[in-house]
Number of protein chains: 2
Amino acid sequence: MGRRQALSKGEMDIARILWDIGPASVRQVHELASQTREIDFATVQTYLRRLESKGYASSKLNARQRIYSAKAKPQTVIRDTVDELVNRLFGGRTMPLVRHLIEAGDIQPNDIIELRQLIDDLESAQSVEPTPRKDPQS
Amino acid sequence: MGRRQALSKGEMDIARILWDIGPASVRQVHELASQTREIDFATVQTYLRRLESKGYASSKLNARQRIYSAKAKPQTVIRDTVDELVNRLFGGRTMPLVRHLIEAGDIQPNDIIELRQLIDDLESAQSVEPTPRKDPQS
DNA sequence: TTGACTCCCGTACATTTGTACGCCTACACT
DNA sequence: AGTGTAGGCGTACAAATGTACGGGAGTCAA
């Protein structure tokens, strides 16, 4: 897949807002963004424009306002970003990161339940499906 | 902790090499870096200088060569970087990332064993130690 | 002592990122 | 009709990042 140019930190913040509230005007995005940190309207505007030019969003003019919609799925962006991090920080191995996260101490007791479930699911998936396929054709 | 200025991607690559091979000359670092990707000697040199100016490394002249040593511990850098990512991508919650990693399919069967162990350890640590302390004084 | 080498260091420069100004126009009132 | 207002759009600009050139100084051999 011709990979889109990666998002910078600031762009990511704005993208997250777009994912959260769906198609929105610059003003709406700016309002949300302002709750987290001081940021100028025009700055948000620029980020949205760049998001669009990088292919992560699209927009259309509606009356006087330009409405932006997320185009890339958060799933995809998250995957790419995490992949990047795993490569950069751990030479591509996933386990060290998982280890770090579990040991870092932000896991709550009731997360543990879920975690065990996740692992069980993974295990059965593995034993049942020796050759994972996107497209189950047969 | 007066936080050090964050490392950029390129700087991180070089820092990782320094962690791996310990104190080393520019040439040694460059050699390693070259195995992974095309990169100019002088570029590596610049990264090392910047690493030093950001406080992540120190250096001293040894005969004709400048020897760089990592100063910040990988642990610390990894923690800060992962924290950043978790904040930016998941609003500070750890579990979504853990979930993503487990579901992403890079976990091998024998990692599962370790994973279960990790979780067990975490659980007992939590039930035994209501107030976690760095320094178990009693 | 003259090359040929090696390695440091200052410096440069394009691109990307963070942040924003200010003009222009369509609209909304008076 | 005249003026204030909101929002788009082009544009700017400093800082950070990625990448590298070329001068100078020490070193070794002929």
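Per chain, numbering begins at 1; letters A, B, ... match sequence-line order.
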[X] side-chain N/O to [N] phosphate OP1/OP2 under 4.0 Å:
X: B:Tyr47; N: D:dT19; result: yes
X: B:Ser8; N: D:dG18; result: yes
X: A:Lys60; N: D:dG8; result: no
X: A:Arg64; N: C:dT25; result: no
X: A:Lys9; N: D:dT17; result: no
X: A:Thr43; N: C:dG18; result: no

How many whole angstroms separate atom [atom1] of [X] from atom [atom2] of [N]?
X: A:Ile39; N: C:dC21; atom1: CD1; atom2: P; result: 13 Å
X: A:Asp40; N: D:dA6; atom1: CG; atom2: C1'; result: 14 Å
X: B:Leu48; N: D:dA20; atom1: CG; atom2: C1'; result: 15 Å
X: B:Gln65; N: C:dC5; atom1: CD; atom2: P; result: 18 Å
X: B:Gln28; N: C:dT6; atom1: CD; atom2: P; result: 16 Å
X: B:Ile67; N: C:dC9; atom1: CD1; atom2: P; result: 12 Å
X: A:Met12; N: C:dT16; atom1: CE; atom2: C1'; result: 15 Å

Run the salt-bridge test on A:Glu52 and A:Lys71 with the 4.0 Å N-O cut-off and return the result as yes or no.
no
Is A:Arg116 salt-bridged to B:Asp120, cutoff N-O under 4.0 Å?
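Yes, charged N to carboxylate O under 4.0 Å.
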Donor/acceptor link under 3.5 angstrom from B:Gln45 side chain onto base of C:dC9
yes
Less than 4.5 Å apart, any side-chain heavy atom of [X] and any of [Y]?
X: A:Ile17; Y: A:Gln28; result: no
X: A:Val82; Y: B:Leu89; result: yes
X: A:Tyr68; Y: A:Val29; result: no

Would you say [X]'s side chain and [Y]'s backbone share a donor-acceptor pair under 3.5 angstrom?
X: A:His30; Y: A:Ile39; answer: yes
X: A:Gln126; Y: B:Ile107; answer: yes
X: B:Arg88; Y: A:Lys9; answer: yes

Let me check the geometry of the helix from C:dT1-D:dA30 to C:dT30-D:dA1. What is the bend angle between the axes at its two ends, five pairs each, to 10°?
10°
Same hydrophobic cluster for B:Ile67 and B:Leu18, using side-chain heavy-atom links shorter than 4.5 Å among ILVMFWY?
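Cluster IDs for B:Ile67 and B:Leu18 differ.
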Treating Ile, Leu, Val, Met, Phe, Trp and Tyr as nodes and any side-chain heavy-atom pair under 4.5 angstrom as an edge, say whether B:Leu115 and A:Ile113 lie in one connected cluster.
no
Can you spot which of A:Ile14, A:Thr81, A:Asp80, A:Leu51 makes a side chain to side chain contact (heavy atoms under 4.5 Å, CB included) with A:Leu7?
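Testing A:Leu7 for a side chain to side chain contact (heavy atoms under 4.5 Å, CB included) against A:Ile14, A:Thr81, A:Asp80, A:Leu51 leaves exactly one candidate, A:Leu51.
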Pairs: protein N or O with nucleotides 11-13 of chain D N or O, under 3.5 Å:
residue: D:dT11; atom: O4; partner: A:Arg49; partner atom: NH1; Å: 3.2

Nearest to the side chain of B:Val26, heavy atoms from C-beta on, is which of C:dC27, C:dC8, C:dC7?
C:dC8
Out of D:dA16, C:dA20, D:dT19, minimum distance to the side chain of B:Gln5 belongs to D:dA16
Let me spell it out: for each of B:Arg66 and A:Ala42, pick the nucleotide of DNA chain C with the closest heavy atom. Which residue's pick is nearer the 5' end?
B:Arg66
N/O-N/O pairs, protein side and nucleotides 28-30 of chain D side, under 3.5 Å:
none

Between the side chains of B:Gln117 and B:Asp121, is a donor N or O closer than 3.5 angstrom to an acceptor N or O?
yes
